[in-house]
Amino acid sequence: MALPSTRYDSATRQLDKAVARTGAGARGAVGLVAVVAATLGADPPVSALWLVPMLAADLVATALFLRLAWRGGPLPGWLVAGDVAVTVALCLAQRHLVAEEALEGGASWVAGLATMSIVVTGLSWRPRVAVPAGLVVAGAYLAGVRLASPGQDVTGTLGVHLVQIVSIAVLMTLLRRSAALADAFLRESARAGIALMVERLRREDELRQVGSIHETSLHTLTMVGLGTYDEPSPTLREQVATDLAALEKLRDIPRATSAPIALDALLDEVAGRASGLVVHRRLTPGTVPGDVAESFARAVTEALANVTLHAGVGEAELVSSRRDGEVRVEVADAGRGFDEHRLPSDRFGVRGSILATMRSLPNGGAEISSGGHGTRVSLWWRP
């Protein structure tokens with residue numbers, strides 16, 4: 001059974017990437033069209049003193065959006081806010097930038113930028129911020145049209161802008177909710193997959209113990225039955241005591257969820273399932289309770305997935321050790337690092353699957369160090 005992906009935030013992340021690239025590309029294209037249209041339509045009363053600096057500001061924003069569309073990545077809040085500010089300024093200055101006849105029906109180049117700015121804010125921000133920002137842009141556009149042409153009918157344009165604001169807010173809310181549901185499903189699937197691995201290894205280990213004890217005890221009884229020992233023997237007493245102690249230990253094994261698991265075997269299997277990554281392993285043999293083993297497995301799986309998706313390297317190192325009773329596991333890579341404190345709040349992987357998982361264990365913990373020389377994830381637990 002293949003281990004389900006544990007990139008719990010993958011649906012949300014992929015949605016953000018797709019939305020950012022699409023929105024940035026569309027905004028960049030509209031910005032270029034606006035510059036061409038503004039230049040070709042620069043007839044009186046259009047003022048070059050107003051048009052040139054305004055177009056320069058729009059060109060800067062357009063270049064940034066096109067660069068983002070080319071390279072990919074999330075839409076920065078500062079860029080979206082800057083675009084809103086530039087668009088609002090363009091809207092309010094329409095009487096100096098657009099000929100009056102071009103204002104009819106909302107067909108001017110400024111109208112295109114206003115529409116695109118409303119869309120970009122809706123794609124990038126949550127409704128509680130996107131809706132007010134969209135209303136500000138719509139209000140600025142209508143105010144600018146009134147200043148440029150007081151007799152202009154703006155009812156139709158206002159209706160179009162309101163529909164745009166509501167539609168994009170509803171659409172993005174539904175998409176983000178669907179992504180969140182997908183993330184929750186992936187989290188539960190990954191937990192179930194790891195739990196099955198833990199249970200299988202626990203059963204295998206239990207069967208090995210039962211088989212070993214059975215063979216040892218049976219051998220002792222067979223020797224007695226065959227009359228090998230015809231009188232009291234220190235060796236026999238010692239062997240019987242050993243067998244009885246083993247049977248008592250087997251009887252006292254805790255419930256399945258906390259039964260001992262060979263952590264090295266579990267981590268070795270987890271590393272072997274890391275897709276697209278060569279994992280160099282140095283694993284110290286040892287057992288831990290089943291719930292502890294499951295937590296280590298979840299955290300290591302997430303750390304290896306982070307290496308595959310973000311580090312930009314094809315190799316990682318997985319090391320486990322035991323010292324003075326403490327079990328420590330480390331995952332390290334030499335790729336590009338990240339700033340843990342600047343992670344978006346909706347990124348569940350590092351915070352949920354690594355830090356929160358290990359810190360929820362009694363005497364457990366985790367820390368992440370990352371920089372220009374790679375990332376190291378340290379996990380530990382003490383009995």
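Note that the structure is predicted; figures quoted are calculated from it, not measured. Computed over heavy atoms, backbone and side chain alike; hydrogens, waters and symmetry mates excluded.
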Validation row: V313, R336 side chains within 4.5 angstrom (heavy atoms):
no
Using the six-membered ring wherever Trp is involved, compare the ring planes of Y141 and H161 and label them parallel, tilted or perpendicular (cut-offs 30° and 60°).
perpendicular
Test your reading of the model: is there a side-chain donor-acceptor pair from R21 to the backbone of A69, 3.5 Å cut-off?
yes
Rounding to 0.5 Å, atoms CG (N306) and CG (D333) come to a distance of 9.0 Å
Note: G325 and P383 closest approach over all heavy atoms is O-CD, 3.0 Å
If you group Ile, Leu, Val, Met, Phe, Trp and Tyr by side-chain heavy-atom gaps below 4.5 Å, do W50 and V145 land in one group?
yes
Under the criterion side chain to side chain contact (heavy atoms under 4.5 Å, CB included), I'd like the reasoning laid out for L266 against F296: C-alpha separation, chi angles, the key distance, then a yes or no.
CA-CA 9 Å; L266 179 60; F296 272 114; over 6 Å; no
Gap between atom CD of E330 and atom OG of S378 - 0.5 Å precision:
4.0 Å
Rounded at 0.5 Å granularity, tell me how far CZ in R146 sits from CD in Q94.
12.5 Å
Close side-chain approach of R27 and D83, heavy atoms under 4.5 Å:
yes
Tell me which one of V319, V377, L318 satisfies side-chain contact (heavy atoms from CB on, under 4.5 Å) with V329.
L318
Using a 6.0 Å cut-off, check whether atom CZ of R322 has over 12 heavy atoms from anything other than its own residue.
yes
Nearest 0.5 Å, please: how far is OG in S321 from CZ in R282?
9.0 Å
Short side-chain to backbone donor-acceptor contact, S320 and T284, under 3.5 Å
yes
Distance in Å, T357 OG1 paired with R298 CZ, rounded so as to fall on 0.5 Å steps:
3.5 Å
Taking every non-hydrogen atom, the tightest pair across T87 and A114
CG2-CA, 3.7 Å
Could you tell me if the side chain of C91 sits less than 4.5 Å from the side chain of V110, heavy atoms only?
yes
What are the two closest non-hydrogen atoms of V131 and A169, and how far apart are they?
CG2-CB, 4.1 Å
Taking the side chain as every heavy atom from C-beta outward, state whether V129 and R126 have any pair of such atoms under 4.5 Å apart.
no
Could you go step by step and tell me if W109 and L40 meet the side chain to side chain contact (heavy atoms under 4.5 Å, CB included) rule?
CA-CA 11 Å; W109 61 272; L40 295 177; over 6 Å; no
If hydrophobic clusters are built by linking Ile, Leu, Val, Met, Phe, Trp and Tyr wherever their side-chain heavy atoms come under 4.5 Å apart, do L135 and L171 end up in the same one?
yes
In one Ile/Leu/Val/Met/Phe/Trp/Tyr side-chain cluster, 4.5 Å: V52, V36:
no
Are L162 and V119 linked, directly or through other ILVMFWY residues, by side chains that come within less than 4.5 angstrom of each other?
yes
What heavy-atom pair brings G77 and W125 nearest, and what distance separates the two atoms?
O-CZ2, 3.7 Å
For the side chain of T62 and the backbone of D58, is there at least one donor-acceptor N/O pair under 3.5 Å apart?
yes
Ignoring hydrogens, what is the shortest heavy-atom contact between G28 and L66? Give both atom names and the distance.
CA-CD2, 3.6 Å
4.5 Å side-chain heavy-atom contact, L90 and V88:
no
Taking C-beta and beyond as the side chain, do L263 and T287 meet within less than 4.5 Å on heavy atoms?
no
I want to check something: taking the side chain as every heavy atom from C-beta on, are V327 and W380 in contact at a cut-off of under 4.5 Å?
no
So, the side chain of T301 versus the backbone of A297: is there a donor-acceptor pair under 3.5 Å, distance only?
yes
Taking everything shown except H280 itself, do over 12 heavy atoms lie less than 6.0 Å from its NE2?
yes
Rounded to the nearest 0.5 Å, what's the gap from CZ on F65 to CG on L32? Could you check?
12.5 Å
Can you name the closest pair of heavy atoms from G23 and L123 and give their distance?
CA-CD1, 3.8 Å
Cluster check V60, L51: I/L/V/M/F/W/Y, side chain < 4.5 angstrom:
yes
Given the rule in the side chain to side chain contact (heavy atoms under 4.5 Å, CB included) test, do M358 and S295 qualify, once you have shown the distances and angles that lead to the verdict?
CA-CA 6 Å; M358 293 304 301; S295 295; 4.1 Å; yes
Report yes if some heavy atom in the side chain of L97 is under 4.5 Å from a heavy atom in the side chain of M54; otherwise report no.
yes
Whether T121 side chain and I118 backbone form a donor-acceptor pair below 3.5 Å:
yes
Applying side chain to side chain contact (heavy atoms under 4.5 Å, CB included) to T115 and V137, what does each step give before you reach the verdict?
CA-CA 9 Å; T115 296; V137 173; over 6 Å; no
